[in-house]
4 protein chains.
Amino acid sequence: MSAKSDDKEILILEAALRIFSEKGYAQTRLSDVADEVGVAKGTLYLYFSSKEDLFRAAIIRELHLGEADVEQIANRSELLPHERLAAICENHLNYFAARRTWRIWITDRFEHDQKLSEEMQDFMQRYMQRIERIMEEEQVENVRIATLAFMGILDSFRNELMMQKQIVDMHQHIQERVNFVRSWFHRPNNI
Amino acid sequence: MSAKSDDKEILILEAALRIFSEKGYAQTRLSDVADEVGVAKGTLYLYFSSKEDLFRAAIIRELHLGEADVEQIANRSELLPHERLAAICENHLNYFAARRTWRIWITDRFEHDQKLSEEMQDFMQRYMQRIERIMEEEQVENVRIATLAFMGILDSFRNELMMQKQIVDMHQHIQERVNFVRSWFHRPNNI
Amino acid sequence: MSAKSDDKEILILEAALRIFSEKGYAQTRLSDVADEVGVAKGTLYLYFSSKEDLFRAAIIRELHLGEADVEQIANRSELLPHERLAAICENHLNYFAARRTWRIWITDRFEHDQKLSEEMQDFMQRYMQRIERIMEEEQVENVRIATLAFMGILDSFRNELMMQKQIVDMHQHIQERVNFVRSWFHRPNNI
Amino acid sequence: MSAKSDDKEILILEAALRIFSEKGYAQTRLSDVADEVGVAKGTLYLYFSSKEDLFRAAIIRELHLGEADVEQIANRSELLPHERLAAICENHLNYFAARRTWRIWITDRFEHDQKLSEEMQDFMQRYMQRIERIMEEEQVENVRIATLAFMGILDSFRNELMMQKQIVDMHQHIQERVNFVRSWFHRPNNI
DNA sequence: TATGAATGAGGCTTCATTCAT
DNA sequence: TATGAATGAAGCCTCATTCAT
């Protein structure tokens with residue numbers, strides 16, 4: 001019973017994330033989500049107290065999933081620091097390459113939802129600290145700024161990926177960008 | 001008469017951009033915009049045919065204004081190429097430092113508005129071409145990818161600026177990031 | 001459940017027809033209809049997609065109901081043809097005598113609604129064909145034109161009925177007009 | 001000046017009648033009328049106090065114009081009574097044949113406009129009295145009912161004219177119907 | 001747990017009317 | 001007389017949320 005409920009909750013969260021990301025928050029109707037999962041609208045309210053609550057839960061769940069991936073890469077001590085940055089970049093791009101229908105990245109809700117906003121800031125802080133630790137290992141100067149730059153570069157590559165209508169050889173496309181990151185964040189004197 | 005109308009149209013566009021940027025598209029009521037300008041709701045419809053049309057016009061106007069700034073900097077041939085990149089970064093950050101109430105950057109409408117989407121893509125293309133030309137002068141490798149990185153870095157710095165509650169010395173904050181860009185995109189062999 | 005929904009749909013259609021007919025299309029507020037049925041405005045949209053759709057459905061339903069009556073009379077072979085015309089006239093006048101609050105016959109929507117317009121033309125065609133067949137049996141000359149005349153006469157009698165403030169003896173009023181039709185469309189040589 | 005003003009008033013009335021008849025009352029915007037005449041919206045208010053007032057004036061003017069035609073025909077004593085009925089029918093059909101873009105006959109306003117309603121009733125009464133007098137000359141029985149029938153027939157022929165997409169030979173079309181009326185209302189014993 | 005019919009607040013939009021020029 | 005920019009009341013429609021079953 002509990003297992004079954006968990007299943008349904010997860011199904012709802014996955015469908016919600018998918019649709020919110022494709023259509024944006026305001027354009028998403030709860031009936032869309034309910035239809036996608038195959039349940040009645042009212043059922044959503046057995047698991048989430050409001051549209052906002054569902055949105056928040058879906059985003060936070062995804063953040064946590066993504067965080068686990070990044071943590072795992074960050075801990076691969078057999079890789080040189082800049083190799084780990086490249087791996088994080090590769091993971092990031094592969095993630096979005098598999099989600100090219102998600103045309104929208106919904107940021108306006110973050111301002112209106114206190115809880116989500118805080119959760120998001122915490123996530124970003126943890127994420128940045130992980131990157132910063134790698135930057136320090138690589139002996140990069142201006143660690144914080146370089147970390148911001150790294151994150152901006154990843155977002156920019158993601159945007160390119162999502163906006164471009166067709167990418168013929170996705171594997172090569174991603175590798176070129178990963179290589180750029182690898183060499184760009186490689187301090188030569190650091191062997 | 002014509003002057004007066006132009007004035008009012010511009011007042012509306014400025015108010016609209018301000019409010020859309022603060023509250024997001026869906027959360028903005030046309031009555032908010034009308035109140036801000038000090039006209040009746042119906043008056044908006046003398047200048048714009050719909051909420052969507054007003055939004056589009058406000059965004060496009062801002063893009064054009066921003067474009068003029070960038071073009072001017074890009075043409076300052078007395079500066080070395082990487083100096084021009086730094087100047088574009090500085091301009092970008094100063095622009096948003098003056099607009100810290102704009103908590104939101106509205107991207108979800110871009111997917112829903114064909115005309116705006118195209119206008120945006122054209123703008124981005126022109127913008128990238130300008131940066132790419134500077135990158136070429138600087139003899140950077142992987143011009144396109146480096147350009148994407150540059151733009152991502154600027155966006156990331158902007159986000160940091162907008163998210164952080166308080167920045168004590170804004171001037172220094174910006175200069176540190178500008179310096180980072182200047183040195184980061186400086187190819188030493190290029191004299 | 002299905003039964004309940006059907007009931008409500010019919011209640012809405014009946015109320016809508018009544019109010020549209022009393023006030024005209026433009027003067028009718030959907031809130032009037034909702035209030036009359038005793039439901040919320042939004043409920044109407046569970047059954048009909050728009051004001052126009054509701055109007056169309058209400059008219060078409062009434063046409064079909066009326067058509068059944070006429071068909072039944074047209075098939076009463078025990079009556080002489082001109083007796084059947086008289087019976088159709090009687091039915092027509094009784095129908096409107098029971099609906100004297102319907103001050104308005106809404107024709108302007110027919111031009112603006114493609115679907116309704118077609119439905120109406122089909123209905124008129126079937127109606128005319130039925131009358132024409134009776135006219136042929138009666139061996140009237142100029143069957144089509146006589147049919148048009150018959151329909152015009154019915155409408156004119158209906159108008160008189162609707163316009164006149166008071167009709168003392170409604171039964172006699174109707175019988176006089178029915179008798180007129182009976183004798184007017186009776187070809188004496190046709191025995 | 002007065003002449004000029006009269007001219008403009010008449011131009012407005014003619015344009016108003018045309019557009020109201022083509023689009024219906026509610027669908028007609030005063031800006032449509034103003035554009036058609038080539039004046040500003042505000043100008044209409046120099047001649048008419050409201051949309052309703054303009055509509056009423058336009059209808060009443062047309063009624064009076066039509067009435068003059070009918071009166072003239074009704075007084076042509078050189079014609080036998082049923083010839084005069086036929087002539088009135090011919091006049092009626094020619095009038096609408098020249099106005100086939102007037103798809104709409106606006107009746108719903110009549111209920112909402114006390115003044116117009118009374119004017120209309122007066123007009124109809126005078127019209128009917130004229131027809132009734134001719135019917136009496138023709139020694140028709142049931143004069144009032146026959147008169148109603150006559151008017152219904154005219155309306156029905158008018159509807160046919162307006163609804164039919166194409167009428168190849170308009171002259172013949174009208175003559176057939178006029179002939180029908182002539183013979184139908186001809187009492188043979190009445191010499 | 002699950003359903004889905006019903007609700008009703010709230011926004012966008014239209015357009016007759018006004019009034020300063 | 002003539003203009004047309006500005007007004008604002010009022011209606012259609014959407015959709016998150018509730019609740020009886």
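Labels below follow one simple rule: chain letters A, B, ... track the order of the sequence lines, proteins then strands, and each chain is numbered from 1.
Between Tyr45(C) and dT7(E), a side-chain N or O to OP1/OP2 separation shorter than 4.0 Å is absent. Not one side-chain nitrogen or oxygen of Lys8(A) sits closer than 4.0 Å to the OP1 or OP2 atom of dT1(E). The shortest distance between the side-chain N/O atoms of Lys41(C) and the OP1/OP2 oxygens of dG11(F) is not below 4.0 Å. Not one side-chain nitrogen or oxygen of Tyr47(C) sits closer than 4.0 Å to the OP1 or OP2 atom of dA5(E).
The nearest whole Å value for the distance from the CZ atom in Phe55(B) to the C1' atom in dC12(E) is 17 Å. Taking atom CD of Glu52(C) as the reference point, atom C1' of dC13(F) lies 14 Å away to the nearest angstrom. Nucleotide dA16(F) holds its C1' atom 9 Å from the OH atom of Tyr25(A), rounded to whole Å. Atom CG of Asp7(C) is separated from atom P of dA5(E) by 15 Å (rounded to the nearest Å). Going from atom NZ of Lys23(C) over to atom C1' of dA10(F) covers 14 Å, rounded to whole Å. Taking atom CZ of Phe48(B) as the reference point, atom P of dT13(E) lies 14 Å away to the nearest angstrom. The CG atom of Leu44(B) sits 15 Å away from the P atom of dG11(E) (whole-angstrom rounding). Counting to the nearest Å, the C1' atom of dT18(F) and the CG atom of Asp53(A) are 16 Å from each other.
Using a 4.5 Å heavy-atom cutoff, the side chains of Arg61(D) and Glu14(D) are in contact. For the pair Met124(D)/Gln121(D), no side-chain contact is recorded, criterion being any heavy-atom separation below 4.5 Å from C-beta on. At a threshold of 4.5 Å between non-hydrogen side-chain atoms, the residues Leu17(D) and Trp102(D) count as touching.
Nucleotides dT21(F) and dT1(E) place their P atoms 22 Å apart, quoted to the nearest Å.
Each of Ala40(B) and Ala26(C) was matched to the nucleotide of DNA chain F holding its nearest heavy atom; the match closer to the 5' end belongs to Ala40(B). Nearer the 5' end of DNA chain E, as judged by each residue's closest nucleotide, is the contact made by Gly42(C), out of Leu30(B) and Gly42(C). Along DNA chain E, the nucleotide nearest Arg29(D) and the nucleotide nearest Thr43(C) are compared for position; the residue whose nucleotide lies closer to the 5' end is Thr43(C).
Looking only at distances, no side-chain donor or acceptor of Asp113(B) sits under 3.5 Å from a matching main-chain atom of Arg109(B). Within the 3.5 Å criterion, the main-chain N or O of Arg29(B) finds a donor-acceptor partner in the side chain of Asp32(B).
As judged by a 4.0 angstrom heavy-atom cut-off over every strand, Ser49(A) is placed among residues making no nucleic acid contact. If you check every strand for non-hydrogen atoms under 4.0 Å, Leu46(B) touches a base. Lys51(B) comes within 4.0 angstrom of sugar-phosphate atoms only, judged by non-hydrogen atoms across all strands, and of no base.
Using cut-offs of 30° and 60° for the angle between ring planes, the Phe20(C) and Tyr25(C) rings count as parallel.
The OH atom of Tyr47(B) sits 9.5 Å away from the CG atom of Leu11(B) when rounded to the nearest 0.5 Å.
The pair Arg56(B)-Glu119(B) does not count as a salt bridge, with every side-chain nitrogen at least 4.0 angstrom from each carboxylate oxygen.
Each end of the helix from dA2(E)-dT21(F) to dT21(E)-dA2(F) gets its own axis from five base pairs, and the two axes differ in direction by 10°, given to 10 degrees.
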